Structures are given as structure tokens and as C-alpha cells.
Amino acid sequence: MSLLQQNYQNVSLEIQRVCRRVGRDPRTVRVIAVTKYVDIPTAEEALDLGIEHLGESRVQEAMRKWDQLGERGTWHFIGHLQRNKVKEVLARFQYIHSLDRFSLAEEIQKRAERVNKVIPCFVQINVAQEEQKHGLLRSEVEDFVRQVSTFSHLKLVGLMTMAPYTEEAEETRPVFQELKRIQRQIQKWDLTAAPVPHLSMGMSRDYQVAIEEGATWIRLGSTLVGRTQE
Ligand SMILES: *Cc1c(COP(=O)(O)O)cnc(C)c1O
């Protein structure tokens with residue numbers, strides 16, 4: 001068994017174990033293999049193993065992989081997105097997890113309209129208010145969501161966050177709980193273009209906690225596909 005195969009098996013068992021503990025159906029937790037640290041053959045191996053969802057955070061790097069593997073799998077853009085890269089991203093990725101500002105939403109709307117697509121996006125929220133991280137602050141969420149939900153070519157399918165780096169995964173729990181609370185609040189507004197059923201949260205270090213707190217998409221790099229390049 002290859003290392004990737006072993007990792008995938010471990011992760012799958014772990015998802016089942018955590019779900020059983022909290023009474024969730026494991027099929028409601030979907031895995032994105034974050035391939036930003038690995039080469040094309042490894043990304044290809046992930047697809048061969050039946051991992052359908054790939055996540056990339058840099059446009060250049062993603063395009064290299066996409067040229068080889070693009071027809072297979074579903075692509076998730078998870079990194080900071082510059083407006084001048086939106087066109088390239090929309091041509092290749094099915095989901096954007098890093099919608100973090102109004103000017104980006106406007107650009108996505110403009111480009112999506114031209115290609116006649118409705119783009120499923122996750123609103124990235126900087127729950128822990130970390131200086132160095134992207135994402136909306138809690139106080140900005142309402143205006144942002146209400147405005148963007150009037151756009152015809154974007155659909156807000158969920159919220160995304162990255163928890164602060166900690167040695168103890170348990171310390172990330174309040175961040176995930178807060179994202180869940182924000183989701184409930186948005187859902188109360190009952191906006192057609194912002195149903196936000198999904199929570200994209202949990203990475204290699206903290207995905208078990210994220211699942212316990214309601215993650216429906218987890219984004220796994222190092223613990224799943226490994227880390228062979230920076
Ligand atoms: C790199 C990255 C991940 C995966 O990181 P790991 O800790 O290696 O699992 C997940 N989400 C985002 C936004 C990332 O940039």
C-alpha cells in the first residue's frame with residue numbers, strides 16, 4: 001500500500017470514528033485533498049484512489065496541475081485570490097473558498113456573467129481576528145452577505161475559516177463553534193442566494209475538532225497527500 005493510500009485509509013477511519021462519536025453521518029463530511037505541497041504525480045495518485053476533490057491555493061501552481069489533470073476531479077480554490085486572476089480561476093475551479101472582500105465578489109460577478117456561470121463561493125471569515133490572515137471580520141459579515149446575495153452569478157454556499165495555529169487542536173474549538181453560530185445567523189436572514197449550508201473548516205491538525213463542530217468540507221494537505229515541496 002502506498003503512503004497516500006495508507007493516509008487516506010487513516011483519514012477515512014478517523015472521520016468515521018469522530019462522526020460516530022458525535023452522531024453524524026460520515027457521508028456529510030467531504031474531503032478536499034490540498035495538493036499545493038505536492039507534485040503532479042501525487043495529485044494524480046489521489047485522483048486514482050478515488051479522491052475527487054482537489055484544493056490549490058496558488059493560481060500558477062494550480063494551472064500546471066490543471067493542464068495535466070483538469071478533466072478529472074473537482075477543483076477548489078482555497079488561497080488568497082487576486083482580482084486579475086479571477087478569469088483563470090473561473091475557467092478551472094468549481095468552488096472558491098476564499099471570498100474575503102467586496103471587490104473580489106464584484107469581479108467574480110462580472111466574469112461569471114460573461115461566461116454564464118453561477119459560482120459557488122464560501123465566505124472566508126477571520127474568526128480569530130488574526131492580523132496576518134485574510135477573511136472578513138465578524139462585524140463585516142452582515143453587510144457583506146446581504147450585498148453579495150443580490151449578485152446574480154454568485155451563490156454563497158458556505159463559510160470558510162482557518163483556525164489559528166496551535167499545538168493543541170482542542171484550542172481551535174471556539175473558532176469552529178463561532179463559525180457555526182455565524183452560519184445559523186445568516187440562515188435566519190433566509191436569503192435565496194446565501195443558503196450557506198456548508199462549513200469549510202478543519203485542516204490536518206484540527207479536522208477532528210472541526211468535524212465535531214459541524215464541518216462539511218475538510219481541507220487536508222500534509223496528513224493526507226503529504227508535503228514534498230514548498
Ligand atoms: C494549506 C492549506 C490547507 C491544508 O493544510 P494542512 O495543514 O497541510 O492540512 C487547508 N486550507 C488552506 C486554506 C490552506 O492554505
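Computed over heavy atoms, backbone and side chain alike; hydrogens, waters and symmetry mates excluded. Just so you know, ligand 1 is whichever comes first in the structure, and atom 1 is the first atom listed for that ligand. Given the structure is predicted, the values throughout are model-derived calculations rather than measurements. Residue indices begin at 1 and follow the sequence shown.
- Both the backbone and the side chain of Ile78 come within 4.0 Å of ligand 1, counting heavy atoms alone.
- Among the atoms of Thr223, none of the N or O lies under 3.5 angstrom from an N or O of ligand 1.
- Taking all heavy atoms of Arg219, Lys36, Met160, Met162 into account, the minimum distance to atom 10 (C) of ligand 1 is reached by Arg219.
- The single protein non-hydrogen atom nearest to atom 5 (O) of ligand 1 is Met203 CE, 3.5 Å, given as residue, atom name and distance.
- Residue Tyr37 places a heavy atom less than 4.0 Å from ligand 1.
- With respect to the salt-bridge test (charged N to carboxylate O, under 4.0 angstrom), the residues Lys110 and Glu106 do not qualify.
- At least one test fails for Arg92 against the ring of Trp75: distance under 6.0 Å to the centre or angle within 45° of the axis.
- Between Gln5 and Leu49, the closest side-chain pair of non-hydrogen atoms falls below 4.5 Å.
- In summary, the side chains of Gln183 and Lys180 do present a donor paired with an acceptor at a separation below 3.5 Å, with no hydrogens or angles considered.
- By the 3.5 Å distance cut-off applied to N or O atoms, Leu220 is not counted among the residues near ligand 1.
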Requested in this report: Could you walk me through whether Arg58 and Glu61 pass salt bridge (charged side-chain N to carboxylate O under 4.0 Å, His left out), step by step?
Outcome: CA-CA 6 Å; Arg58 289 201 196 86; Glu61 174 60 24; over 6 Å; no
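- Protein heavy atom at the shortest distance from atom 9 (O) of ligand 1 is Ser204 OG, 2.5 Å.
- Salt bridge absent: Lys87 and Glu107 never bring a charged side-chain N and a carboxylate O closer than 4.0 Å.
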